[in-house]
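Side chains included, hydrogens not; waters and symmetry mates left out as well; all remaining heavy atoms used.
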Amino acid sequence: MAYVLGVDVGTTRTTAAVCRLDGARDAEIALVVPSLLQLTDAGTFSVGERGTPGWTASGFARRVGDAVPFSLGPEMCPAEELTALLVMWVVGEVVAREGEKPRHLAVSHPAGWGPYRRGQLYAALRAVGLHDVTLVPEPLAAAENHAVRARVVPEATLAVFSLGSHAFSASVVRRAQNRTFELVNHVEGVDHHTGADFDDLLLGLVRGRLGKDGRVSAAECEAAKRAFGPSVVVSGVEITRDEFVDEIRPSVDHLVGTFVRALGPAQPDAVLLVGGGCRLTAIGDALSSSVDCRVLAEAAPEHSVAKGLAVAARLVLLGPEVEPEPLETSVLVHTREASLRFPVGEVPNPDDDEFSAPPPRPPVDVSPLELPPRRVKRVTSALKPAGRRAGSGSRSRDDDEDGR
């Protein structure tokens, strides 16, 4: 079945979603893998496995365009090439499952990127054989996912609160008359606590109870944070939700304060929660008390961007599905008395001088950016896929946290 593909490369995890061209407009998650690339002695690479120190790269997606490359063993690899290699591997995994190539590919990028970073990623994707690609800012992808799941009025303003393991951002997007979203405002968080910092705060609470001889891992705290109920037990220590919320409250207030300032005079119709960090109920509670609109989140907010990318890729091929406007009809009283006939709405006479046809809708121009000249030697020719490894192609779970 023909489909399009969206790939969201996060700092912690990479998520892929597919959208069928002859089915429903919403998307489904196809793959979730850790955003890790390991170079082997043979010059091949493996995905999702952390190996020998110095031979594994992570967090490269947000360093696209950085002049300082990653050092992997004897190779120096630019961040954009590592990102393209991971996207190429993900596409290959999905093709193996679906039995055919996607008709189009959409890849996410931070909203703050300019033409240079986007051009570097475009060039790297083409170098690995991915040509039919559209780059979509993360908040616009999240808005597209919301629009396909809920009926949005032709003109709507949405705010996007994005909190992942290592990044925070606040955005405002607006849906115009042509049913496409545009970015109105965007703020990247600086010196804000994110999902990984909340893991550390929980770790500190547990260690404080265990004493200096107690042992607890960060992975345990991450899993416990995502599974928080009235309380959680980590390494035999029970931490209540109220205790944890009191610990992270200053950080949450800082995040929400920055988000409210980023809104400025905008009056959004809804706030969308995006990223695995938004699983914390304290985030939604704090936002609900600070904004005068609905605060919305999916069951797995870390998947919102990937799903929206697949929806965006579908729109590139098929265009927006414009809902038909209701037709005005005339209501007539069944009587021969002309004075009692009262048409509600009249069709204008085409011969009337005041009647003119509406102007044609301007075409949507989706063209690649003018790419800047490359400055870093490409090393992808030295990296060959080592094949799919056990576990790297497993289907997603709702408790996977995005690395946004």
For this session: Determine the interplanar angle of the Phe70 and Phe60 rings, folded into 0 to 90°, and report it as parallel if under 30°, tilted if 30 to 60°, perpendicular if over 60°.
Result: perpendicular
Exercise. If we only count heavy atoms from C-beta on, is the Leu105 to Asp132 side-chain gap below 4.5 Å?
Worked result: no
Problem set entry | Residues His193, Ile248; criterion side-chain contact (heavy atoms from CB on, under 4.5 Å); working and verdict | CA-CA 9 Å; His193 278 181; Ile248 67 174; over 6 Å; no
For this session: For a side-chain contact (heavy atoms from CB on, under 4.5 Å) with Phe259, tell me which candidate from Ile283, Val271, Val160 qualifies.
Result: Val271
Exercise. If we only count heavy atoms from C-beta on, is the Leu255 to Phe161 side-chain gap below 4.5 Å?
Worked result: yes
Exercise. Quick one: does Leu183's side chain get under 4.5 Å of Pro137's, heavy atoms only?
Worked result: no
Problem set entry | Heavy-atom side-chain contact between Phe244 and Val232 under 4.5 Å | no
For this session: With rounding to the nearest 0.5 Å, note down the distance linking OG in Ser171 to NE2 in His186.
Result: 4.5 Å
For this session: Take atom CZ of Arg241 as the centre, draw a 6.0 Å sphere, and report whether it contains more than 12 heavy atoms from other residues, nucleotides or ligands.
Result: yes
Problem set entry | Worked check of side-chain contact (heavy atoms from CB on, under 4.5 Å) between Val311 and Lys307 | CA-CA 6 Å; Val311 173; Lys307 289 182 177 180; 5.6 Å; no
Seminar exercise, completed: Arg249 meets the salt bridge (Lys or Arg N to Asp or Glu O under 4.0 Å) criterion, sequence neighbours left out, with Asp246
For this session: Using atom types as modelled and distance alone, determine if a side-chain donor or acceptor of Asn145 lies under 3.5 Å from a backbone N or O of Val305.
Result: no
Problem set entry | Closest approach of Trp55 to Thr40 (non-hydrogen atoms, all atoms of both residues) | CZ3-O, 3.6 Å
Problem set entry | Reported CG-to-NE2 distance for the pair Leu318 and His104, which is rounded to 0.5 angstrom | 11.0 Å
For this session: Look at the side chain of Arg118 and the backbone N and O of Trp113, then say whether any donor-acceptor pair between them is shorter than 3.5 Å.
Result: yes
Problem set entry | CA sep, side-chain torsions, deciding dist, call: His166, Arg62, side-chain contact (heavy atoms from CB on, under 4.5 Å) | CA-CA 10 Å; His166 298 90; Arg62 292 194 171 258; over 6 Å; no
For this session: Answer yes when Arg226 and Glu302 have at least one side-chain N-carboxylate O distance shorter than 4.0 Å, and no when they do not.
Result: no
Exercise. Rounded to the nearest 0.5 Å, how far does CD of Glu222 lie from CG of Asp200?
Worked result: 10.5 Å
For this session: Keeping the roles fixed (side chain from His192, backbone from Val190), state whether a donor-acceptor pair exists under 3.5 Å.
Result: yes
Seminar exercise, completed: Smallest heavy-atom separation, Ala310 atom then Val4 atom, equals O-CG2, 3.4 Å
Seminar exercise, completed: Smallest heavy-atom separation, His109 atom then Leu135 atom, equals CD2-CB, 3.7 Å
Exercise. Around Asp191, counting heavy atoms of other residues, nucleotides and ligands shown, do more than 12 lie under 6.0 Å from its CG?
Worked result: no
Exercise. Just wondering, do Leu158 and Pro268 contact through their side chains at under 4.5 Å, heavy atoms?
Worked result: no
Exercise. If we only count heavy atoms from C-beta on, is the Leu121 to Thr83 side-chain gap below 4.5 Å?
Worked result: yes
Problem set entry | Rounded distance (nearest 0.5 Å) linking atom CZ of Arg174 with atom CD of Glu182 | 6.0 Å
Problem set entry | Test salt bridge (Lys or Arg N to Asp or Glu O under 4.0 Å) applied to Arg63 - qualifying residues, sequence neighbours left out | Asp66
Exercise. Is any side-chain heavy atom of Asp8 closer than 4.5 Å to a side-chain heavy atom of Thr14?
Worked result: no
Problem set entry | Listed partners of Arg20 passing salt bridge (Lys or Arg N to Asp or Glu O under 4.0 Å), at least two apart | Glu28, Glu98
Exercise. Taking it one step at a time, do Asp197 and Thr194 satisfy side chain to side chain donor-acceptor pair (under 3.5 Å)?
Worked result: CA-CA 5 Å; Asp197 298 303; Thr194 56; 3.3 Å; yes
Exercise. Would one find more than 12 heavy atoms of other residues, nucleotides or ligands at under 6.0 Å from atom CD of Glu100?
Worked result: yes
Exercise. Given Arg314 and Val148, is the side-chain contact (heavy atoms from CB on, under 4.5 Å) satisfied, shown in steps?
Worked result: CA-CA 11 Å; Arg314 189 178 193 272; Val148 80; over 6 Å; no
Problem set entry | Heavy-atom closest contact (Tyr122 atom, Val133 atom, distance) | CE2-O, 3.6 Å
Exercise. How long is the span from the CG atom in Leu273 to the NE2 atom in His146, to the nearest 0.5 Å?
Worked result: 11.5 Å
Problem set entry | Glu81 side chain vs Pro78 backbone, donor-acceptor pair below 3.5 Å | no
Problem set entry | Spacing of Leu140 atom CG and Leu309 atom CG [to the nearest 0.5 Å] | 10.0 Å
Exercise. Any idea which heavy atoms bring Pro110 and Glu188 closest together, and the distance?
Worked result: CB-OE2, 4.0 Å
Exercise. Can you check whether Lys225 reaches Leu280 side chain to side chain, under 4.5 Å on heavy atoms?
Worked result: yes
Exercise. Any donor and acceptor pair, going by atom type alone, linking the side chain of Arg294 with main-chain N or O of Ala270 inside 3.5 Å?
Worked result: no
Exercise. Hey, is the main chain of Ala286 close enough, under 3.5 Å, to the side chain of Ser289 for a donor-acceptor pair?
Worked result: yes
Exercise. Can any side-chain N or O of Arg209 pair as donor or acceptor with the backbone N or O of Glu238 at less than 3.5 Å?
Worked result: yes
Problem set entry | Nearest atoms (heavy-atom pairs only) where Ser35 meets Arg13 | OG-C, 3.1 Å
For this session: State whether the side chain of Ser165 and the backbone N or O of Gly195 hold a donor-acceptor pair below 3.5 Å, judged by distance alone.
Result: no
Problem set entry | Main-chain N/O of Leu72 paired with Glu75 side-chain donor or acceptor, under 3.5 Å | no
